[in-house]
Amino acid sequence: MQNGEIARELERIATLMEIKDEAYYRILGYRRAAESVVAQGRPVREMEDLTKLAHVGAATAGVIRDLAEDRTPQLLSDLLEEVPAGLVEVTRLPGVGPRTAGRLWRELGITSVEELGALEEGKLAALKGFGKKSEERVLKAARTYNATEKRMLLNEATNLAGEILEFVRSHPACERAEVAGSLRRQKETIGDLDIVASSGEMKALADAFAEAPFVQEVLAHGPTKVFIKTRGVEVDLRIVEPEAYGALLHHFTGSQAHNIVLRERAVKRGLNISEYGLARAGTGEYEPVASEAELYERLGLPYIPPELREDAGELLAAEKGELPDLIEVGDIRGDLHVHTNFSDGRGTIESMAEAAISLGYEYLVFCDHSQSLKVANGLSPERLKRKIEAVREADEKYGEIRLLNGSEVDILKDGTLDYEDALLAELDFVVASIHTSFNIGEEAMTERMIRAINNPYVRTIAHPTGRVLNRREPYEVDVSRLIREAARTNTALELNSYVDRLDLSVPYVREAIGAGVKITIDTDAHDEGALGFARFGVSQARRAWVEKGSVVNTLPLAEFEAYLREGK
DNA sequence: GCCGTTTTCGGCCCGACTGTTTTCAGTCG
């Protein structure tokens with residue numbers, strides 16, 4: 001099992017224990033262990049001592065070991081014998097938690113969302129603590145439940161949040177407002193949106209928001225907190241007095257795991273943290289904190305950027321003064337992987353070049369598809385040669401930017417490349433990637449890609465795991481082996497910035513830079529607008545603790561050209 | 001369950017909103 005699956009199983013264990021009404025802190029232990037596994041870069045399967053992970057002790061380590069080696073842990077099989085597995089899904093219904101799910105099971109014999117949805121009217125309302133409203137809400141949730149929840153891509157979430165933010169900011173009662181939550185941390189996909197605001201008239205702003213034109217449904221509405229649904233997305237607005245804005249922004253940016261460890265740290269120093277500010281322990285009298293920087297400072301820490309707030313070692317690094325100097329969008333000097341209408345792009349060499357110039361880039365590498373990828377109008381050797389000429393001519397025309405020749409050459413099923421080496425030698429930069437024969441098994445796929453990595457002309461491997469968010473799982477490949485091989489051969493790995501790829505994913509990027517592998521942050525743009533997706537590639541790199549020095553295309557033109565000349 | 005610069009036992013983050021209640025449990029973030 002991979003880290004993600006292991007974490008999901010640990011979550012499932014925690015939920016089953018919650019339904020059983022086990023001790024709260026025992027459950028919390030498994031939940032925090034799940035988060036540690038997700039945050040971990042390299043596959044936990046390869047770790048010798050699992051208790052080195054935060055929040056993992058002897059017991060949880062045994063469970064993780066079993067899962068990693070595809071055995072069912074005794075704990076899990078015992079739980080599944082006692083608690084129906086379908087109840088885990090019941091707890092995912094909005095407004096239904098583990099306690100309610102447990103009662104539904106014990107008192108009504110419910111074991112799945114489907115059974116709950118088919119329940120006769122009045123049965124639920126008759127339970128103690130339930131009423132008509134609760135019944136209506138729960139039944140509706142069960143009947144409209146959709147198991148395959150789709151999460152927003154970063155650009156969709158950014159656009160939607162922008163519109164909502166504009167409404168909030170334009171209200172006269174609003175002093176400041178920002179996006180918080182997972183979007184501010186730039187998680188790869190976004191479920192809900194969190195907006196925070198400060199205001200001297202909180203209730204007026206809350207009421208206005210609940211009646212905003214984009215509101216589909218009001219889920220909760222108090223004087224400082226409004227929870228609505230718009231276009232199927234839940235949006236949470238939280239409001240505080242202006243003096244407490246920093247504490248609120250921090251609180252709602254999360255992650256929850258980061259907040260918890262930070263608060264525990266504060267408690268040890270005699271302080272409580274809440275969204276209202278800092279208090280001497282036990283007094284409940286909060287002193288407002290106006291900025292996040294001030295909050296960290298008063299805890300004796302340097303500012304921790306939102307992208308790092310995942311309880312993935314950032315507090316320890318902050319204490320030691322070893323936080324990374326994270327890469328920024330402005331550090332990107334060029335894009336090494338863009339398409340044109342020679343293959344399946346919509347832009348021309350010129351239009352793409354001009355879009356790159358307007359971003360301030362110093363160089364741009366055109367990488368159209370290779371001959372065997374017919375569906376993408378891949379270039380035959382003859383057409384590639386014509387394109388090489390066309391790029392050279394265009395390069396003469398533009399003084400502001402260096403235009404270079406590349407190819408996104410297919411790695412064929414046997415690991416050979418889709419052009420002869422002699423042709424690859426004529427190119428400035430070669431990107432290699434997989435677009436066919438995804439299901440050949442982990443061993444064969446790994447060997448196939450390692451063969452490509454060992455080709456002397458291949459400088460980076462594009463979208464190395466082939467995943468497409470919300471659409472396609474990554475193919476099976478041993479990424480850790482690819483990373484070791486890339487390090488050995490001085491081959492880079494791509495962090496593809498296209499919003500539905502973001503591939504390599506963050507944990508692997510962190511593993512790769514740890515192994516000394518260079519990263520290319522490319523957009524794979526098929527039109528001019530997509531060049532702007534570089535910001536999302538950069539935000540993922542920041543989540544992976546990447547500094548500018550680890551990224552090939554932060555090199556100024558002269559140094560980049562030297563890098564090209566040196567070869568591998 | 002985990003964890004330790006007051007520790008190997010006794011702690012373990014914090015608050016808003018809802019529904020069904022007359023004081024609070026459950027859910028959520």
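Within every chain, numbering begins at 1; the chains are lettered A, B, ... in the order of the sequence lines, protein sequences first and strands thereafter.
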Could you state the CZ-P distance from A:Arg265 to B:dC12, rounded to the nearest angstrom?
-> 18 Å

Under 4.0 Å protein heavy-atom contact, by nucleotide of nucleotides 14-20 of chain B - B base, S sugar-phosphate only = BSSSSSS

Expressed as a whole number of Å, how far does the P atom of B:dT22 sit from that of B:dG26?
-> 14 Å

Touch check for A:Ala58, heavy atoms < 4.0 angstrom, all strands: base, sugar-phosphate only, or nothing?
-> sugar-phosphate

Report the distance from atom CG of A:Leu315 to atom P of B:dT5, rounded to the nearest whole Å.
-> 14 Å

Of all pairs that satisfy salt bridge (Lys or Arg N to Asp or Glu O under 4.0 Å), the ones with a partner from residues 51-60 of chain A, not counting sequence neighbours = A:Asp49-A:Lys52

Could you state the CG-P distance from A:Asp49 to B:dC2, rounded to the nearest angstrom?
-> 13 Å

Apply salt bridge (Lys or Arg N to Asp or Glu O under 4.0 Å) to A:Arg169 and list each qualifying residue two or more places apart in sequence or on a separate chain.
-> none

A:Glu314 and A:Arg309 ion-paired at < 4.0 Å | no

Show the atom names and distances, to 0.1 Å, of all donor-acceptor pairs under 3.5 Å that link a side chain in residues 56-70 of chain A to residues at least two apart or in another chain.
from, atom 1, to, atom 2, distance (Å)
A:Arg65, NH2, A:Met47, O, 2.8
A:Arg65, NH2, A:Glu48, O, 3.3
A:Asp66, OD1, A:Arg71, NE, 3.0
A:Asp66, OD1, A:Arg71, NH2, 2.9
A:Glu69, OE1, A:Arg71, NH1, 3.0
A:Glu69, OE1, A:Arg71, NH2, 3.2
A:Asp70, OD1, A:Met1, N, 3.1

Neighbours of DNA chain B within residues 86-110 of chain A, by heavy-atom distance under 4.0 Å | A:Leu93, A:Pro94, A:Gly95, A:Val96, A:Gly97, A:Pro98, A:Arg99, A:Thr100

Nearest-angstrom distance from the residue atom NZ of A:Lys268 to C1' of B:dT6 = 12 Å

Mind listing the residues from residues 59-68 of chain A sitting with a heavy atom below 4.0 Å of DNA chain B? Number order is fine.
-> A:Ala59, A:Thr60

According to the salt bridge (Lys or Arg N to Asp or Glu O under 4.0 Å) rule, which pairs have a member within residues 197-208 of chain A, sequence neighbours left out?
-> A:Lys203-A:Asp207

List in chain and number order the residues that pass ring-ring contact (aromatic ring centres under 6.0 Å, His included) with A:His251, two or more places apart in sequence or in another chain; answer none if no residue qualifies.
-> none

Taking A:Asp311 as the fixed residue, which of A:His55, A:Arg32, A:Gln256 is the one that meets the side-chain hydrogen bond (donor to acceptor under 3.5 Å, both in side chains) rule?
-> A:His55

Pull out every residue in residues 289-302 of chain A that has a heavy atom closer than 4.0 Å to any atom of DNA chain B, ordered by number, or say none.
-> none

Selection: residues 179-212 of chain A, any non-hydrogen atom under 4.0 Å of DNA chain B | A:Asp192, A:Asp194

Below 4.0 angstrom, N of the basic side chain to O of the carboxylate: do A:Arg238 and A:Asp194 qualify?
-> no

Taking only residues two or more places apart in sequence, or in another chain, which ones meet A:Arg298 in a salt bridge (Lys or Arg N to Asp or Glu O under 4.0 Å)?
-> A:Glu287, A:Glu294

Less than 3.5 Å apart, which donor and acceptor atoms pair up between the side chains of residues 75-82 of chain A and the rest of the protein, not counting sequence neighbours?
from, atom 1, to, atom 2, distance (Å)
A:Ser77, OG, A:Pro73, O, 3.4
A:Ser77, OG, A:Gln74, O, 3.1
A:Asp78, OD1, A:Gln74, NE2, 3.0
A:Glu82, OE1, A:Lys20, NZ, 3.3

